[in-house]
Undergrad: 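This is the structure I have questions about; it appears just below.
Model, not experiment: these values are computed from the prediction. A note on names: the letters A, B, ... follow the listed sequences, proteins ahead of strands, and every chain is numbered from 1.
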2 protein chains.
Amino acid sequence: MKKQPDQTPECGLGRALAVIKGKWKPSLIWELHQRPIRFGELKRRLPGITEKVLFEQLRQLEVDGIVHREVYDELPARVEYSLTTFGAGLNAAVHELAEWGKRLPSPTSAVAERPPLPEGVIRVSRGVRLHDSTS
Amino acid sequence: MKKQPDQTPECGLGRALAVIKGKWKPSLIWELHQRPIRFGELKRRLPGITEKVLFEQLRQLEVDGIVHREVYDELPARVEYSLTTFGAGLNAAVHELAEWGKRLPSPTSAVAERPPLPEGVIRVSRGVRLHDSTS
DNA sequence: CAGTATCCAACTCGATACTG
DNA sequence: CAGTATCGAGTTGGATACTG
């Protein structure tokens with residue numbers, strides 16, 4: 001895992017984000033937040049995920065105490081995943097953030113390009129314009 | 001940017017997480033949550049960040065409407081970054097998650113190894129043991 | 001001071017195929 | 001069914017050096 005920046009020791013945000021870091025983890029937590037689901041059904045519910053990644057992310061959530069893994073010794077094999085009480089707390093803690101996210105326009109930045117500046121004009125973000133000495 | 005899984009349309013969590021996705025973004029938002037700070041001071045406050053990455057992540061936050069960038073036409077150059085009102089909302093929305101994170105043991109999983117299983121025993125996560133037919 | 005430009009290593013995730 | 005193993009592409013962030 002990539003080293004995270006030092007943070008104020010009393011702030012748990014870094015650790016919380018580390019736990020949900022993973023492309024499918026938020027969806028997994030959401031899927032499990034009401035009832036246990038088996039491996040195969042999770043796979044069907046998350047179209048596009050591969051078995052490898054599904055297993056990896058479930059395993060990480062399990063290690064972090066978010067998810068419980070129950071093995072039933074049957075044939076064919078059957079394994080059910082569920083949220084722990086601790087994990088349910090995470091699901092709740094995330095709610096406010098999700099609400100905030102609704103105010104966002106769908107396509108978020110990340111790789112957006114800065115538009116080319118018109119000649120002779122320096123643009124400032126809130127719309128202020130400073131004309132340079134040549135104008 | 002990597003494609004995110006389909007989500008329930010009315011849930012903003014994915015978009016919210018996209019906005020804070022970036023190694024230094026949570027720290028940046030925290031640093032700016034009270035007063036405007038210049039580029040150079042931010043760099044000093046986040047030991048280990050490079051100018052390239054600092055600029056990139058500030059730019060993305062700006063595009064997403066979290067951060068405001070104010071250019072003062074002086075010499076030497078001076079640029080101040082601050083949280084927008086919208087960005088302040090994000091800072092608040094994240095609070096509950098940070099609280100939850102405090103209950104976590106510091107080193108989070110991600111790459112944890114599954115311990116080698118002792119011969120003849122199948123381990124299940126909550127400590128239940130199923131002995132196989134050879135025992 | 002506040003960027004920009006290159007180059008590159010690490011990490012995540014997906015494709016695919018195989019096993020108990 | 002529920003994993004495991006292997007390989008490779010894409011993305012992120014760090015090192016370094018240069019500019020208005």
Side-chain angles (χ1 to χ4, degrees), chain A residues 1-5 17-18 20-25 27-28 36-44 46-60 62 69-81 108-114 116-117 122-125 130 132-134, chain B residues 1-5 17-18 20-28 36-44 46-60 62 69-81 108-111 113-114 116-117 122-125 130 132-134:
Chain A
M1 203 167 190
K2 217 167 279 182
K3 213 186 91 189
Q4 281 305 116
L17 290 174
I20 51 181
K21 190 184 95 191
K23 182 168 171 183
W24 304 88
K25 284 187 193 170
S27 304
L28 281 171
I37 309 188
R38 331 183 23 172
F39 187 88
E41 187 180 349
L42 278 172
K43 185 170 138 85
R44 278 192 305 279
L46 302 179
I49 197 171
T50 62
E51 293 166 352
K52 177 201 162 205
V53 173
L54 175 55
F55 182 77
E56 279 172 2
Q57 309 221 342
L58 281 170
R59 176 88 226 290
Q60 292 169 8
E62 184 195 352
R69 177 172 179 268
E70 185 77 41
V71 178
Y72 296 92
D73 200 9
E74 307 172 352
L75 241 92
R78 177 171 153 229
V79 178
E80 277 188 355
Y81 293 88
T108 32
S109 72
V111 262
E113 316 256 332
R114 192 182 281 271
L117 298 179
I122 300 166
R123 188 148 33 142
V124 182
S125 30
L130 304 174
D132 69 17
S133 49
T134 67
Chain B
M1 201 163 188
K2 217 167 282 184
K3 214 186 88 187
Q4 280 306 117
L17 290 175
I20 51 179
K21 190 185 94 190
K23 180 165 171 182
W24 303 88
K25 284 185 192 170
S27 304
L28 282 169
I37 309 188
R38 324 178 34 167
F39 187 88
E41 188 180 349
L42 278 173
K43 184 170 138 83
R44 278 192 304 280
L46 301 179
I49 198 172
T50 62
E51 291 166 354
K52 176 203 164 206
V53 173
L54 176 55
F55 182 76
E56 279 172 2
Q57 310 223 338
L58 280 169
R59 179 86 224 291
Q60 291 169 7
E62 185 195 352
R69 176 170 179 271
E70 185 76 41
V71 178
Y72 296 91
D73 199 11
E74 307 173 350
L75 245 92
R78 178 174 151 226
V79 179
E80 278 188 355
Y81 293 88
T108 32
S109 71
V111 261
E113 316 258 332
R114 191 182 280 271
L117 299 179
I122 301 166
R123 191 155 22 151
V124 183
S125 32
L130 305 173
D132 69 18
S133 50
T134 67

Undergrad: Residues in side-chain hydrogen bond (donor to acceptor under 3.5 Å, both in side chains) with B:E51, at least two apart?
TA: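 side-chain hydrogen bond (donor to acceptor under 3.5 Å, both in side chains) check on B:E51 returns nothing, list empty.
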
Undergrad: Quickly work out the B:F39 CZ to C:dT4 C1' distance and round it to whole Å.
TA: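 Rounded to the whole Å, the gap is 10 Å.
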
Undergrad: Kindly write out the residues that satisfy side-chain hydrogen bond (donor to acceptor under 3.5 Å, both in side chains) with B:Q57, not counting sequence neighbours, or none if the list is empty.
TA: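 side-chain hydrogen bond (donor to acceptor under 3.5 Å, both in side chains) list for B:Q57, sorted by chain: empty.
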
Undergrad: Tell me the interatomic distance from A:R69, atom CZ, to D:dC1, atom C1', rounded to whole angstroms.
TA: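 To the nearest whole Å, that distance equals 12 Å.
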
Undergrad: In Å, rounded to the nearest 0.5 Å, how long is the span from CD of A:E80 to CD of A:E70?
TA: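 Between A:E80 CD and A:E70 CD, I get 8.0 Å after rounding to 0.5 Å.
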
Undergrad: Given 3.5 Å as the limit, does a donor-acceptor pair link the side chain of B:K23 with the main chain of B:I49, or not?
TA: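 No, the answer is negative, given that no donor and acceptor are paired below the 3.5 Å cut-off.
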
Undergrad: Take the protein atom CG of A:L17 and the nucleotide atom C1' of D:dT12, then report the distance between them rounded to whole Å.
TA: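 Atom-to-atom, A:L17 to D:dT12, this comes out as 16 Å.
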
Undergrad: Expressed as a whole number of angstroms, how long is the span from A:Q60:CD to D:dG3:P?
TA: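 So the CD-P distance, A:Q60 to D:dG3, works out to 15 Å.
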
Undergrad: Among the nucleotides C:dC13, C:dG3, C:dT12, which one has an atom lying closest to any side-chain atom of A:Q57?
TA: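 Minimum distance to the A:Q57 side chain belongs to C:dC13.
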
Undergrad: Take the protein atom CZ of A:F55 and the nucleotide atom P of D:dA2, then report the distance between them rounded to whole Å.
TA: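 Going from A:F55 (CZ) to D:dA2 (P), I get 12 Å.
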
Undergrad: Locate the shortest heavy-atom distance separating A:W24 from A:P47; write the atom from each residue and the value.
TA: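 In terms of heavy atoms, the two residues are closest at CH2-O, 3.7 Å.
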
Undergrad: What bend angle does the helix from C:dC1-D:dG20 to C:dG20-D:dC1 show across its length, from five-pair end axes and to the nearest 10 degrees?
TA: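 If I round to tens, the end axes sit 50° apart.
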
Undergrad: Looking at residues at least two apart in the chain, or sitting in another chain, which of them share a salt bridge (charged side-chain N to carboxylate O under 4.0 Å, His left out) with B:K52?
TA: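 Salt bridge (charged side-chain N to carboxylate O under 4.0 Å, His left out) list for B:K52, sorted by chain: B:E56.
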
Undergrad: So, using side-chain hydrogen bond (donor to acceptor under 3.5 Å, both in side chains) as the criterion, who are the partners of B:E41 when residues are at least two apart?
TA: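 If we apply the side-chain hydrogen bond (donor to acceptor under 3.5 Å, both in side chains) test to B:E41, skipping adjacent residues, the hits are B:R35, B:R45.
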
Undergrad: Go along nucleotides 14-20 of chain D 5' to 3' and tag each nucleotide: B for a protein heavy atom under 4.0 Å from its base, S when only backbone or sugar atoms are that close, - otherwise.
TA: BB-B---

Undergrad: In whole angstroms, how far is the C1' atom of D:dG3 from the NZ atom of A:K43?
TA: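 That distance rounds to 11 Å.
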
Undergrad: Rounded to whole Å, how long is the line connecting atom OH of B:Y72 with atom P of C:dG3?
TA: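 B:Y72 atom OH is separated from C:dG3 atom P by 13 Å.
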
Undergrad: Mind calculating the distance between CD (A:E56) and P (D:dT6) to the nearest angstrom?
TA: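 Those two atoms, CD and P, are 14 Å apart.
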
Undergrad: Taking only side-chain N and O atoms of A:Y81, does any of them lie within less than 4.0 angstrom of OP1 or OP2 on D:dG3?
TA: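 Indeed, a polar side-chain atom of A:Y81 lies that close.
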
Undergrad: Categorize A:E80 for me: base, sugar-phosphate, or nothing, with a 4.0 angstrom heavy-atom threshold over every strand shown.
TA: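 Result for A:E80 = nothing.
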
Undergrad: Any side-chain donor paired with an acceptor under 3.5 Å for B:K21 and B:Q60?
TA: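 Looking only at side-chain atoms, B:Q60 and B:K21 do not form any donor-acceptor pair under 3.5 Å.
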
Undergrad: For D:dA2, does OP1 or OP2 lie under 4.0 Å from any side-chain N or O of A:R38?
TA: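 Checking D:dA2 against A:R38, a side-chain N or O does come within under 4.0 Å of OP1 or OP2.
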
Undergrad: What's the separation between atom OH in A:Y81 and atom CG in A:L58, rounded to the nearest 0.5 Å?
TA: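 CG of A:L58 is found 5.0 Å from OH of A:Y81.
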
